[in-house]
Amino acid sequence: MRLTVAIDGPAAAGKGTISKAVAAHFGFAHLDTGLLYRAVGAKVLAGGDPVAVANALDPADLEDEALRTPAVAQAASEVAVIADVRAALVDFQRKFAARADGAVLDGRDIGTVICPDAAAKLFVTASAECRAARRYKELRDKGLDVTPEAVLADVRTRDARDSSRETAPLIPAADAVLIDTSDMTITQAVARAVAVVQAALDRG
Ligand code: DC
């Protein structure tokens, strides 16, 4: 069954984990749209022009593990403010959403701008402290040299920039179901998300 699931929310709220689990549960394809902005950000850090790079983006550019670093995350958040960068990435995301086998897209503006007609919309959030603690552990486990204070500051800077930009700011769609994962286990958050998508499927 073809169904589009839009999952938005701030950095490190658990969107990625929930999106992968929902996609696996229903057999849908999954696109982490943050990777598009990260790939553009990484190329800009290497000296590229943001809009030119966004227009020439190749799906193979999304595979790079180096896209996961805090420096690239900040660069992604900075290029994401540029309306022409966002416009260059719309088609790729909408084509992905239209896949015959169903699709889960996670990001910041999926339910509001990219797929306003998505059958199921989730807004996954958590307190900044919770998100920073999780992101700190993740980065440390990868062997990156970070401090909890720096990770919290990074999360706050990105939240402020992502929420206050003029084009496609981070805000829940009016019809999104809110999931606050601050006091939830991953299993609980995934079960809640699966139930929301199942309800959309049942509505047909
Ligand atoms: O989801 P992420 O942390 O990988 O995203 C990195 C940055 O990319 C994020 O701070 C803002 C931007 N982004 C966006 O503006 N719109 C999206 N749909 C996804 C990400």
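Both counts, for ligands and for their atoms, begin at 1 and track the order of listing. Along the sequence shown, the residues carry numbers beginning at 1.
- To the nearest 0.5 Å, the span separating CG on D159 from CG on L170 amounts to 7.5 Å.
- Annotation: side-chain hydrogen bond (donor to acceptor under 3.5 Å, both in side chains) contacts of S77 (sequence neighbours excluded): R161, D162.
- Just one of R135, R134, R156 meets the salt bridge (charged side-chain N to carboxylate O under 4.0 Å, His left out) condition when paired with E129; it is R156.
- Residue pairs meeting the salt bridge (charged side-chain N to carboxylate O under 4.0 Å, His left out) criterion with at least one member in residues 176-203: none, sequence neighbours excluded.
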Would you tabulate the side-chain donor-acceptor contacts of residues 119-128 under 3.5 Å, counting partners in other chains and residues two or more places apart, or write 'none'?
| residue | atom | partner | partner atom | Å |
| --- | --- | --- | --- | --- |
| K121 | NZ | G111 | O | 2.9 |
| K121 | NZ | P116 | O | 2.8 |
| K121 | NZ | D175 | OD1 | 3.0 |
| K121 | NZ | D175 | OD2 | 3.4 |
| S127 | OG | C130 | N | 3.1 |

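- When each of K20, R38, K15, R68 is tested with D32 by the rule salt bridge (charged side-chain N to carboxylate O under 4.0 Å, His left out), just one qualifies, namely R68.
- Residues with a heavy atom under 4.0 Å from ligand 1: K15, T33, G34, Y37, R38, A76, S77, A80, R86, G107, R108, D109, R158, D162, R165.
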